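Because the structure is predicted, anything quoted here is derived from the model rather than measured.
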Amino acid sequence: MNSQSNGACLPAPLARKAERVLMIVAASYNVIMASVTLFMFGSWFKGRAYDVLERNGMLQTDYSAVDNASTVTNIYALLVLIVGIVSLITAMRCLAPGTVNRWVIIWLVIVMVFSLGTMDLIGLALYSVTLAIYLARNKAVAAQQDAIRKAIQARR
């Protein structure tokens, strides 16, 4: 509690716990999905595709198609991994109590568009709820900062 000479207390800054938890959950989901795609699905996909092509007698003609599809899958998984890591860093460093950060809003919009473009509906839901809570809390933070400013000016 910050008590001043007139006995009034300034409020504590609004916590960003809900946003932080949701963003960490979304980032963890991205990292897990990317890891599964890179390490489990990639090798399974290559082996399965080669088996199917061999059974159909098309292995000699479509060998590069399997490699190209596998490369695209791995690139997508790396992008999802990067999104997850950046989201985790953003959640840990940029969601301080009582602060408004424009870059957090921009990042959340970017990952929502990415999730929508790749039809990652779980990620889209998590990031959109995080953005909605973040924007709503921004209004409360701004109102609290105005009240603090007025209280400080009234003391002068």
Pairwise distance [atom1]([X]) to [atom2]([Y]) - rounded to 0.5 angstrom:
X    : Y    : atom1 : atom2 : value
T90  : I85  : OG1   : CD1   : 11.5 Å
K17  : R137 : NZ    : CZ    : 11.0 Å
M33  : L81  : CE    : CG    : 12.5 Å
S70  : F41  : OG    : CZ    : 9.0 Å
E19  : L131 : CD    : CG    : 10.0 Å
Y134 : L108 : OH    : CG    : 8.0 Å

Cluster question for you: counting only ILVMFWY and a side-chain heavy-atom cut-off of under 4.5 Å, with indirect links fine, are [X] and [Y] together?
X    : Y    : result
V129 : L135 : no
I82  : F39  : no
M112 : V21  : no
V104 : V109 : yes
V86  : I32  : no

Side chain to side chain contact (heavy atoms under 4.5 Å, CB included), that's the test. Do I122 and L126 meet it? Break it down for me. CA-CA 6 Å; I122 295 172; L126 289 169; 4.1 Å; yes
Flag the pair [X] / [Y] as yes when at least one side-chain heavy-atom distance between them is below 4.5 Å, and no otherwise.
X    : Y    : answer
F114 : V80  : yes
L22  : I133 : yes
L121 : M119 : yes
W107 : V111 : yes
N30  : Y127 : yes
V83  : L79  : no

If every non-hydrogen atom of [X] is compared with every non-hydrogen atom of [Y], which pair is closest and at what distance?
X    : Y    : value
R149 : D146 : NH1-OD1, 2.7 Å
A27  : S87  : CB-CB, 3.7 Å
S115 : G123 : OG-C, 3.9 Å
R20  : L95  : NH2-O, 2.6 Å
T99  : V141 : N-CG1, 4.4 Å

Between the main-chain N or O of C94 and the side-chain N or O of R16, is there a donor-acceptor pair closer than 3.5 Å? no
